[in-house]
Amino acid sequence: MKKFLYFLFAMSVTMELNACSPDDAPTNTSSTETPEEPDTSDQPDNPPPGKTLIVYYSFTNNVHTVVSDLRTQLEADVIRVEPAEKGLDYAANNYAVGSTQIQAIRDNPGSASSYPSIDSVEIKFEQYTTVIIAAPLWWSSMAAPLQTFLFKHGAEMAGKQIGLIVSSASSGISGVESDAKRLIPDGNFLTPSLWIRSSQTSNCHSMIAEWLEDIDKRK
């Protein structure tokens, strides 16, 4: 009788152990306990990517529309650059204010005094691995307020992956790309840049999706 009861007990234990596969085994989620000798055999060779930051300036709100759509497709923090001097009529006299600002930068791009003042922002760039810059084109150049931001913070983006989105009516974007590379000389620029013409702004979703897929393959 005792042998029979022992046999039943052993069979019961065996069935309970076989009821769970290794994939079902619970994991230890304690934040205070760690193995003395952790197994790193399944860990990736490279650490997981950090956060993404989107930086943009928009006067006509075309770039704002693009960024709003981008945020539905990509998890990222966002900073909108704003001029420090409020109430300027950039559209007056055929956008004379913006034209003057761009010319001042072209005349002396290495001087801080050449760049228009912007509202200050505090950013911990160390937490980001990717920075996406969304820029309007002004007279074949990057919009002046955004150039100011990059002049101030470009050195902090060294070694980071830099994506570039440019909005223009019809002009090519090579001048904006040159400005970005001048202001972030040690950035790892993702190619290609995304060029969205003003007429494409309202239907930019698919263009952004294709671009994100394209640059992801090139990272």
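Because only heavy atoms are used, hydrogens play no part in the values below, and waters and symmetry mates are left out as well, while side chains stay in. Numbers here simply count residues along the sequence, with the first being 1. Predicted, not measured: the structure shown is a model, and the values here were computed from it.
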In short, ring-ring contact (aromatic ring centres under 6.0 Å, His included) pairs touching residues 154-192 with sequence neighbours left out are none

Could you work out, with side-chain hydrogen bond (donor to acceptor under 3.5 Å, both in side chains) as the rule, every residue matching Y115, not counting sequence neighbours? R182

What residue pairs, at least two apart or across chains, pass salt bridge (Lys or Arg N to Asp or Glu O under 4.0 Å) with a residue in residues 141-170? none

Taking side-chain hydrogen bond (donor to acceptor under 3.5 Å, both in side chains) as the test, write out the residues that go with S58, two or more places apart. none

For S168, the side-chain hydrogen bond (donor to acceptor under 3.5 Å, both in side chains) test, sequence neighbours excluded, returns W195

Between S114 (side chain) and I105 (backbone), is there a donor-acceptor pair under 3.5 Å? no

With sequence neighbours excluded, give me every ring-ring contact (aromatic ring centres under 6.0 Å, His included) pair touching residues 159-185. none

Name all pairs fulfilling the salt bridge (Lys or Arg N to Asp or Glu O under 4.0 Å) condition that reach into residues 202-213, sequence neighbours left out, sorted by first residue then second. E213-K217

Whether over 12 other heavy atoms sit under 6.0 Å from E126 CD: yes

Counting N and O atoms only, with roles assigned by atom type, does the side chain of T72 sit under 3.5 Å from a partner on the main chain of S68, one being a donor and the other an acceptor? no

Sorted by chain and residue number, the side chain to side chain contact (heavy atoms under 4.5 Å, CB included) partners of D119 (sequence neighbours excluded) come out as E82, A84, K86

State whether the number of non-hydrogen atoms from other residues, nucleotides or ligands found under 6.0 Å of E85 atom CD is greater than 12. no

If you count heavy atoms of other groups shown closer than 6.0 angstrom to CG of N93, is the number above 12? no

If a pair satisfies ring-ring contact (aromatic ring centres under 6.0 Å, His included) and one of its residues is in residues 164-186, list it, with sequence neighbours excluded. none

Is a side-chain N or O of T65 found less than 3.5 angstrom from the main chain of N61, in a donor-acceptor match? yes

Tell me which donor-acceptor pairs under 3.5 Å the side chains of residues 131-141 have, and how far apart each pair is, sequence neighbours excluded?
from, atom 1, to, atom 2, distance (Å)
S141, OG, R106, NE, 3.4
S141, OG, R106, NH2, 2.9

Using the ring pair (Phe, Tyr, Trp, His ring centres under 6.0 Å) criterion, which residues pair with H153? Sequence neighbours excluded. F125, F149

Which residues share a side chain to side chain contact (heavy atoms under 4.5 Å, CB included) with D89, sequence neighbours left out: A91, A92

Which of T130, V78, D77 passes side chain to side chain contact (heavy atoms under 4.5 Å, CB included) with T52? Answer is T130

